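A short worksheet on the structure shown next.
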Amino acid sequence: MKHIILGNGPAGVVASETIRKADPDAEITMVGDEPEPPYSRMAIPYLLQGDIQEDGTYLRKDAGHFERLRINLVAGHAEAVDTKARQVRLRGGTTLAYDRLLIVTGAHATKPPVAGIDLPSVQTCWTLADARNIAALAKRGSRVLQIGAGFIGCITMEALANRGVHLTVVEMGDRMVPRMMTPVAGAMIKKWCEKKGVRVHTRARVVSVRPDMKRAGSLFVEIDSGDELPADLVICAAGVRPNIDFLAGSGIATDVGVVVDDHLRTNVPDVYAAGDVAEAMDFSTGERGINAIQPNAVDQGRVAALNMAGKETRSVRSLAINVLQTLGLVSSSFGKWWGEIDGQSAEAVDAENFRYLSLQFKDDILIGATSIGLTENVGVLRGLIQTRKHLGTWKDELLRDPTRVMQASLAASVAVGAGVPSASRRASK
Ligand SMILES: Cc1cc2nc3c(=O)[nH]c(=O)nc-3n(C[C@H](O)[C@H](O)[C@H](O)COP(=O)(O)OP(=O)(O)OC[C@H]3O[C@@H](n4cnc5c(N)ncnc54)[C@H](O)[C@@H]3O)c2cc1C
């Protein structure tokens, strides 16, 4: 059985290892189009702040790892897939035949389509090559303007601040991390950043970038208020797009990403997809979506690989889990953190101490949560949402005081563990 894995990020690496374990005789080839050994993008912030060297980002530290597992690493860029002939064409014309194909090509960072966005000193922060360019320009005291304050933007900010730069952030939304945090949480993170000396412009759109004629290499970034903000480096953290262009004409169904079912199968037999490129069913919404975080990529890579190796496995569906550290402030959101129209919610706000908790319920089940500064609750929140535990009378308690979530979780676990119908279950009927 010939397995071709297109992409060598976390999803690809775990998939190749899983296939090897499940099928000692399979032929496994993993293709990657970046020059470095397989690495983890989520380690880039640690590289930028000097905690690790480049080899610290490598997914497998032992140089002989893939060779020993008889996983052929091929450097190349997939240009087309012919699903009838079961072949992949690489740039340069090489073709690779497959019996089973896994698409794990991830995503790429996009730039807003404004004048000057392709000037040198305007960088994305997505690859190791990007990180090198950023490190060269983000020196102590330099002025860095970041476009976008989403998940990746906030993670990057922390690394930049640790490099001692003067940081300005421009975010289109009405708050920071608008697609992962409630209005109160997003505003609280903004306030925290401002307290730490970062200038944050929300509801602001970059309209152009132009060179500063008086200072070689420097730029002016114009935002829609008319202000011009000076910068030595501009970082675009304003969105990503799945790498699917090479699938045009292949018959493999795509929407935003590659459409997959709960077995990570595409619409074409023997072709699978996983990770940032895959649009799979979401645990909370029951709708297709891309959950672009590394644990999800790894889990989907594993499930796809088991199915490719003939071991039928169903994905438990990906739960949105966003844990973020912004200049030292830990925030998290889980599941349907925005709630449901016919659901109930509770919020506890301690603005002075930057502590916050929002819980969202459907009937007596916790379906989503957002928290700031309450790290001790992170595991509990995730567990309650993922197990869809009935909280019964504890739901009302949590509506009064959401911070009692730990006690609620323990009470619900004890009731279920005892094997008796809990007060909570009765109350929910
Ligand atoms: C700065 C940064 C910080 C992050 N921090 C976190 C974090 O704290 N927590 C978290 O969970 N996630 C984080 N992420 C997101 C996480 O890195 C991704 O979710 C994860 O990398 C997805 O893995 P993947 O294998 O699907 O794709 P990728 O890691 O993107 O790997 C895909 C590989 O396929 C290659 N490829 C693409 N197209 C082709 C082609 N046509 N032919 C051949 N090869 C191709 C790519 O070059 C790449 O090497 C971060 C990302 C970034 C950029």
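Atoms within each ligand, like the ligands themselves, are counted from 1 in listed order. No hydrogens, no waters, no symmetry mates; every other heavy atom, side chains included, goes into these values. Remember, predicted model here, so these are calculated numbers, not experimental data. In what follows, residues are counted from 1 in the order of the sequence shown.
- Both the backbone and the side chain of Ala78 come within contact range of ligand 1, each with a heavy atom under 4.0 Å.
- The closest donor-acceptor contact from the side chain of Arg143 to the backbone of Pro230 lies at 3.5 Å or more, if one exists at all.
- Less than 4.0 angstrom separates some heavy atom of Pro295 from each of these atoms of ligand 1: 11 (O).
- In terms of polar-atom proximity, defined here as any N/O pair under 3.5 Å, Gln294 does make such a contact with ligand 1.
- Contact annotation for Ile155 and ligand 1: only side-chain heavy atoms (C-beta onward) come within less than 4.0 Å of the ligand.
- A distance-only check finds no donor-acceptor pair linking the side chain of Glu347 to the backbone of Val349 [under 3.5 Å].
- Considering backbone and side-chain atoms together, Trp126 places no N or O closer than 3.5 Å to any N or O of ligand 1.
- In terms of N/O distances under 3.5 Å, ligand 1 is not approached by Gly12.
- Heavy atoms of Asn8 found under 4.0 angstrom from ligand 1 belong to the backbone as well as the side chain.
- Residue Leu6 places no heavy atom under 4.0 Å from ligand 1.
- Proximity of Ala278 to ligand 1 is not established, as no heavy-atom distance is less than 4.0 Å.
- Residues that satisfy the side chain to side chain contact (heavy atoms under 4.5 Å, CB included) test with Arg317, not counting sequence neighbours, are Asp262, Met281, Phe283.
- Counting heavy atoms under 4.0 Å from ligand 1, residue Asn243 touches it through the side chain alone.
- Taking atom 50 (C) of ligand 1 as the reference point, the nearest protein heavy-atom neighbour is Ile152 CD1, 3.5 Å.
- Listed by chain and number, the residues in a salt bridge (charged side-chain N to carboxylate O under 4.0 Å, His left out) with Arg179 amount to none (sequence neighbours excluded).
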